[in-house]
Amino acid sequence: MTTPDTHRHVDYLLIGGGLASATAAEELRKRDAGGSILIVGAEKHLPYHRPPLSKEYLRGDIGLDGVYGSGGVYSQLPAWYGEQRVEVKQGVGVTRLDTEAKHATLSDGSTLTYGKALLAMGARPRTLSIPGAHLPGVVMLRTIDDSTAIREYLQTPGRTIVVIGSGFIGLEAASNALFRGARVSIVDPGERVWPRMLTPELSDYLASEYTSRGATFYLEHAPVEFVAGSDGRVGGVRIAPSVPGSAPLTLPADLVIVGVGVQLNTDLAEEAGLNIDAQHGVLVDDHLLASAEDVFAAGDVAGFVDPVMGRFHFEHWDNAIASAQTAAANMTGADEHYRHVPYFFSDQFDLSINMLGYPSPDAEVVVRGDMAQDAFTAVYVRDGAIRAALMVNDDAQMDTWRELIEAGVAAPHDLQQLADPSFDPASLKRG
């Protein structure tokens with residue numbers, strides 16, 4: 001293979017301008033004081049955290065300035081990159097990767113060679129291919145710019161909002177719209193919310209938190225058209241029920257927020273000849289090494305092998321951080337295996353929701369606490385082992401549940417012991 005002329009060399013090329021790359025850069029610099037680090041990201045912003053975009057930032061509780069946890073959304077303050085000699089190319093992508101020559105071509109026309117590369121391209125929102133999908137007022141919620149636009153629009157009380165999708169992003173957007181005094185409808189083709197993780201009882205509990213605050217669910221309905229209003233913006237959403245013979249209806253809408261999942265950004269890896277999987281992304285080993293020498297992957301796009309799930313990828317903040325730290329360590333010569341209990345969190349109204357492990361609808365679920373008081377933990381048991389814990393305003397024993405799940409500890413023979421608030425789950429670790 002002919003290697004094009006190159007103009008520069010970097011020791012560590014981090015492809016993707018998000019949290020995984022920023023975390024990897026931090027870990028690389030801790031382990032290698034002198035290596036050159038380049039982050040290449042298509043967004044115009046410095047790396048930032050996505051969770052606050054549908055939570056604190058969307059509500060207006062924090063601004064853009066500052067790092068996450070200190071009143072802002074960014075991974076690091078701008079000065080950090082200069083101080084740590086981490087170069088960031090903003091608004092630039094990698095268009096071609098030659099893993100044999102260790103050569104990359106960038107969208108600005110420049111080329112470079114690298115020592116080690118990290119694929120952390122993340123994912124992009126899925127779109128709806130229906131009439132009116134490009135009307136003004138039909139928006140996604142993935143980037144800072146998306147969240148800023150929605151936040152500004154919701155500053156006027158009484159907006160009529162339709163949310164398409166009842167996943168994490170959809171429900172968090174809906175909760176914040178309700179918080180701002182909007183009228184909210186939620187449309188989803190499923191028969192209940194979060195059906196792959198929650199029992200029907202837990203689905204009903206979560207949905208009731210929305211309906212009690214004025215939201216209307218249109219479950220088992222799908223959007224078929226976005227209808228323009230007199231001003232040329234979206235004015236309504238035509239939805240069709242999945243029940244045969246039922247008539248479609250049109251919901252009024254000043255704004256439509258589409259949250260129907262994401263598509264992994266694997267195009268570059270596929271074109272580079274790396275092993276990928278349409279469902280799980282860039283296939284990596286237990287060191288997060290892809291199928292080419294000195295190429296690693298982390299974050300949403302990394303399809304790693306999980307001891308419970310098998311080949312697996314996880315589209316959440318915690319995995320972006322943990323996998324990037326492991327990949328960066330191994331890029332500097334460490335011998336670390338990636339093993340991480342899945343975790344995500346969600347803030348909805350006054351509910352602090354934490355989920356650990358591997359929830360599934362076929363698990364036996366035992367509830368500790370009081371759902372009526374919005375303070376409980378739902379413990380998931382499958383094949384005799386504790387596999388997951390859903391904590392709602394009840395995270396005091398989070399570390400214990402994490403340890404039990406990671407070790408695959410057997411549940412008590414009498415599962416109702418878990419429901420007894422006096423039963424100490426830590427006792428299970430002692431056998």
Side-chain angles (χ1 to χ4, degrees), residues 52-61 125-194 206-243 246-261 346-351:
L53 303 187
S54 57
K55 300 179 178 72
E56 307 99 304
Y57 180 71
L58 187 60
R59 287 196 299 269
D61 294 345
R126 292 189 180 277
T127 58
L128 293 174
S129 299
I130 62 175
H134 299 293
L135 284 172
V138 178
V139 300
M140 308 287 184
L141 178 47
R142 179 71 179 177
T143 68
I144 282 178
D145 294 340
D146 295 336
S147 186
T148 298
I150 296 171
R151 170 173 154 161
E152 292 176 352
Y153 198 76
L154 290 176
Q155 287 180 351
T156 302
R159 297 290 195 184
T160 301
I161 311 298
V162 174
V163 176
I164 309 297
S166 64
F168 310 116
I169 295 298
L171 289 190
E172 288 180 352
S175 69
N176 283 299
L178 289 165
F179 173 77
R180 292 292 190 92
R183 295 181 293 272
V184 177
S185 299
I186 304 167
V187 178
D188 194 285
E191 63 180 4
R192 54 190 179 88
V193 300
W194 297 8
L206 188 56
S208 71
E209 294 290 332
Y210 286 80
T211 55
S212 67
R213 292 169 169 85
T216 303
F217 280 93
Y218 293 87
L219 298 174
E220 297 184 279
H221 283 74
V224 294
E225 182 183 5
F226 298 119
V227 181
S230 58
D231 59 356
R233 287 176 53 88
V234 68
V237 183
R238 188 170 175 80
I239 62 175
S242 58
V243 179
S246 299
L249 64 153
T250 300
L251 306 177
D254 300 323
L255 183 75
V256 178
I257 303 172
V258 178
V260 292
S346 181
D347 294 334
Q348 300 175 33
F349 309 115
D350 55 354
L351 306 179

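Hydrogens, waters and symmetry mates play no part in the numbers below; they use all other heavy atoms, side chains included.
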key: Heavy-atom pair of closest approach, residues Tyr210 and Gln348   = OH-OE1, 2.6 Å

request  = Indicate yes or no: at least one non-hydrogen side-chain atom of Ile164 is less than 4.5 angstrom from one of Val256.
outcome  = yes

Shortest non-hydrogen contact between Val184 and Ala177, atoms and distance = CG2-CB, 3.7 Å

Side-chain H-bond candidate by donor/acceptor type, Thr143 with Asp146, under 3.5 Å = yes

Main-chain N/O of Glu220 paired to Ser242 side chain as donor or acceptor, under 3.5 Å = yes

task = Start with the C-alpha distance between Val162 and Phe226, add both sets of side-chain angles, then the distance that settles side-chain contact (heavy atoms from CB on, under 4.5 Å), and finish with yes or no.
result = CA-CA 11 Å; Val162 174; Phe226 298 119; over 6 Å; no

query = Could you walk me through whether Glu191 and Leu219 pass the side-chain contact (heavy atoms from CB on, under 4.5 Å) check?
reply = CA-CA 6 Å; Glu191 63 180 4; Leu219 298 174; 5.9 Å; no

message = In the structure I gave you, are the side-chain heavy atoms of Ile150 and Leu141 within less than 4.5 Å of one another anywhere?
response = yes

request  = Let me see the working for Val139 and Tyr153 under side-chain contact (heavy atoms from CB on, under 4.5 Å), right down to the final yes or no.
outcome  = CA-CA 11 Å; Val139 300; Tyr153 198 76; over 6 Å; no

query = Do the non-hydrogen side-chain atoms of Thr216 and Thr211 ever get within less than 4.5 Å of each other?
reply = no

query = To the nearest 0.5 Å, how far apart are OG in Ser175 and CZ in Arg180?
reply = 11.5 Å

key: Shortest non-hydrogen separation from Val138 to Ala133 and the atoms involved   = CG1-O, 3.6 Å

inquiry  = Taking the side chain as everything from C-beta on, heavy atoms only, tell me whether Asp188 gets closer than 4.5 Å to Tyr218.
reply    = no

query = Under 3.5 Å, is there a donor-acceptor pair between the side chain of Asn176 and the main chain of Glu172?
reply = yes

Side chain proximity check, Phe179 to Leu154, heavy atoms < 4.5 angstrom = no

message = Quick test of your reading of the model: are Arg151 and Asp145 salt-bridged, counting only N-O distances below 4.0 Å?
response = no

inquiry  = Quick check: closest heavy atoms across Ser166 and Leu171, and the distance to 0.1 Å?
reply    = O-CG, 3.5 Å

query = Taking only residues two or more places apart in sequence or in another chain, which ones pass salt bridge (Lys or Arg N to Asp or Glu O under 4.0 Å) with Arg238?
reply = none

message = Assess the residue pair Leu249 and Ile239 against the criterion (side-chain contact (heavy atoms from CB on, under 4.5 Å)); give the C-alpha distance rounded to whole Å, side-chain angles, the decisive distance to 0.1 Å, and a yes or no.
response = CA-CA 6 Å; Leu249 64 153; Ile239 62 175; 3.8 Å; yes

Sub-4.5 Å side-chain heavy-atom contact between Leu255 and Arg233 = yes

Distance-minimising heavy-atom pair for Pro252 and Thr160 = O-CG2, 3.2 Å

message = Ignoring hydrogens, what is the shortest heavy-atom contact between Leu178 and Ala215? Give both atom names and the distance.
response = CD1-CB, 4.0 Å

Close side-chain approach of Val187 to Pro223, heavy-atom, < 4.5 Å = yes

query = Does a side-chain heavy-atom distance below 4.5 Å link Met140 with Thr127?
reply = yes

